[in-house]
There are 2 protein chains.
Amino acid sequence: MLLSKSCMYGLRASVQLAGMKGNTYVTIRELSEDLDISFFFLTKVLQRLTQAEILESYKGPNGGVRLLKHPGEVTFLDVVTAIDGSCTLSECALGLPGCGVMKPCPLHDQWSILKENILEMMQNVTIAELARRNSGKQGLDGFMYYLKI
Amino acid sequence: MLLSKSCMYGLRASVQLAGMKGNTYVTIRELSEDLDISFFFLTKVLQRLTQAEILESYKGPNGGVRLLKHPGEVTFLDVVTAIDGSCTLSECALGLPGCGVMKPCPLHDQWSILKENILEMMQNVTIAELARRNSGKQGLDGFMYYLKI
DNA sequence: ACATTTTAAGACACACTACTCTTAATTCTA
DNA sequence: TAGAATTAAGAGTAGTGTGTCTTAAAATGT
């Protein structure tokens, strides 16, 4: 699995928010139902995005979470890093402590290229772009399309 | 992390065996010391490779493990699959249950290409090739080069 | 002020990976 | 046959990710 479940959930929520008109507060309860994620667990994940200043939250009636930045300025990697910490992709495929440019392990060069491609994808794709690709799916809003059979 | 530690350990042991002259039994104790892996843990990992008929084992004095097949016929992916089960790379990056060719998620196409590249690397690289790349490192046998500072 | 709504924070349980150790089974050698 | 060497199998421990719940804190409205 490339990403942890926490990351997947955080990404889905971010893209969902990015795809909504206006930037009003949306309750985590509503997000959890739309995305088919446990409310309690999603709350924990979104707390990390709030701490990372990708989201902002507001308590009380009419509260919830919303994007703090423009969705075109939040990359896939931003969300992953906020949740999982610095990307764990940067290690040696064989787990050799000394592996690096100076001492490349037998897989180093190949794996470096693959890592670079993945990182590039994560850095170049914004949640705005993902939301755009996710719009207008047979009349179902956002991710409902994938989840409702 | 692309691979589990078990996989990394299994790969390192397989490549180490592939890089040895002759195909005599090598004790797991010796492998564990050469590769800086816990003996007990490596034993568990290599049991899976033995069950998968990548290695064969022999008990008693002068026993140990050795490659069952020709190292040129054992791929990186063979070892990973034997240890971790079928590659977990084949899922949707966002964990959407309905994602696929018919219902591509907003990352599906990009992630498919990256997955394919990784899988291709795993299928095309044999442990013989890895052992070859790993030979003749400043006079240190195999992985010792990376581990001894 | 008080009740309601909502997120924040902390505690808890479960599963899985990583790791350790003990005992059993097998094989060799003397 | 006895003892030593070696893998196999199983039990047990620790840490982490996932998931659940309870309580606290903040904001609203009456």
Side-chain angles (χ1 to χ4, degrees), chain A residues 1-13 17 24-68 80 82-88 91 94-95 97, chain B residues 1-13 17 24-68 80 82-86 88 91 94-95:
Chain A
M1 196 145 47
L2 177 73
L3 302 173
S4 67
K5 287 205 166 191
S6 295
C7 273
M8 293 174 176
Y9 295 167
L11 282 164
R12 274 151 69 174
L17 287 169
T24 59
Y25 287 109
V26 179
T27 65
I28 301 178
R29 177 70 64 183
E30 185 182 334
L31 281 173
S32 76
E33 284 164 4
D34 287 352
L35 300 172
D36 197 35
I37 301 170
S38 144
F39 165 72
F40 293 121
F41 195 49
L42 186 59
T43 297
K44 290 290 179 202
V45 173
L46 297 192
Q47 273 172 29
R48 305 211 60 164
L49 293 184
T50 304
Q51 285 158 5
E53 298 185 324
I54 289 175
L55 301 183
E56 64 182 330
S57 66
Y58 202 79
K59 294 176 185 174
N62 306 315
V65 294
R66 68 179 182 190
L67 290 170
L68 184 56
V80 171
I83 293 172
D84 268 1
S86 57
C87 200
T88 61
E91 299 159 16
L94 297 179
Chain B
M1 194 145 48
L2 177 72
L3 302 174
S4 67
K5 287 206 166 190
S6 295
C7 272
M8 292 175 177
Y9 294 166
L11 281 165
R12 274 151 67 175
L17 288 169
T24 60
Y25 287 109
V26 179
T27 66
I28 301 178
R29 177 70 63 183
E30 185 182 333
L31 282 173
S32 76
E33 285 164 4
D34 288 352
L35 300 172
D36 197 36
I37 301 169
S38 146
F39 165 73
F40 292 121
F41 195 49
L42 186 59
T43 296
K44 288 292 179 201
V45 173
L46 297 192
Q47 273 173 28
R48 307 210 58 165
L49 293 184
T50 305
Q51 284 157 6
E53 296 185 327
I54 289 174
L55 302 183
E56 65 183 329
S57 67
Y58 202 79
K59 293 174 184 173
N62 307 315
V65 294
R66 69 179 180 191
L67 292 170
L68 184 56
V80 171
I83 293 172
D84 269 0
S86 58
T88 60
E91 299 157 17
L94 298 179

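The analysis underlying the following values was restricted to heavy atoms, covering all of them including side chains, and did not include hydrogens, waters or symmetry mates. Throughout, protein chains are lettered first and strands after them, A, B, ... in sequence-line order, and every chain is numbered starting at 1.
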Pairing residues for Ser6(A) by the side chain to side chain contact (heavy atoms under 4.5 Å, CB included) criterion, not counting sequence neighbours
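Ser6(A): side chain to side chain contact (heavy atoms under 4.5 Å, CB included) contacts with Ser4(A), Phe41(A), Val45(A), Ile83(A).
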
If you measure from [atom1] on [X] to [atom2] on [Y], what distance do you get to the nearest 0.5 Å?
{"X": "Phe40(B)", "Y": "Arg29(B)", "atom1": "CZ", "atom2": "CZ", "value": "6.5 Å"}
{"X": "Asp36(B)", "Y": "Leu42(B)", "atom1": "CG", "atom2": "CG", "value": "11.0 Å"}
{"X": "Ser38(B)", "Y": "Lys44(B)", "atom1": "OG", "atom2": "NZ", "value": "11.0 Å"}
{"X": "Ile28(A)", "Y": "Ser57(A)", "atom1": "CD1", "atom2": "OG", "value": "7.5 Å"}

Figure out the [atom1]/[atom2] separation between [X] and [N], and round it to whole Å.
{"X": "Ile37(A)", "N": "dG17(D)", "atom1": "CD1", "atom2": "P", "result": "18 Å"}
{"X": "Asp36(A)", "N": "dG19(D)", "atom1": "CG", "atom2": "C1'", "result": "14 Å"}
{"X": "Ile83(A)", "N": "dT18(D)", "atom1": "CD1", "atom2": "P", "result": "10 Å"}
{"X": "Arg29(B)", "N": "dT7(D)", "atom1": "CZ", "atom2": "C1'", "result": "12 Å"}

Please determine whether a side-chain nitrogen or oxygen atom of Gln51(B) lies at a distance below 4.0 Å from atom OP1 or OP2 of dA9(D).
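So the side-chain polar atoms of Gln51(B) do come within 4.0 Å of the phosphate oxygens OP1 or OP2 of dA9(D), strictly under.
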
Any base atoms under 4.0 Å from Leu46(A), or only sugar-phosphate, or nothing? Heavy atoms, all strands.
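The answer is nothing, as Leu46(A) stays clear of every strand by at least 4.0 Å.
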
Flag side-chain contact, heavy atom, 4.5 Å: Leu67(B) against Leu55(B)
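Result yes, sub-4.5 Å side-chain heavy-atom pair found.
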
Within the 4.5 Å heavy-atom criterion, are Leu31(B) and Val65(B) side-chain neighbours or not?
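Side chain of Leu31(B) against side chain of Val65(B), heavy atoms only: contact under 4.5 Å found.
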
For DNA chain C, which nucleotides open and close the run of contacts to chain A, 5' to 3', at under 4.0 angstrom from a non-hydrogen atom?
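That gives a stretch of dT5(C) to dG10(C).
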
In the 5'-to-3' direction, what one-character label does each nucleotide of nucleotides 20-30 of chain D receive under the scheme B = base within less than 4.0 Å of a protein heavy atom, S = sugar-phosphate only, - = no such atom?
BBB--BBBS--

Check against side-chain contact (heavy atoms from CB on, under 4.5 Å), Leu3(A) and Val80(A)
CA-CA 8 Å; Leu3(A) 302 173; Val80(A) 171; 3.9 Å; yes

On DNA chain C, does the nearest nucleotide to Thr43(A) precede the nearest nucleotide to Ser6(B) from the 5' side, or the other way round? Give the residue.
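That would be Thr43(A).
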
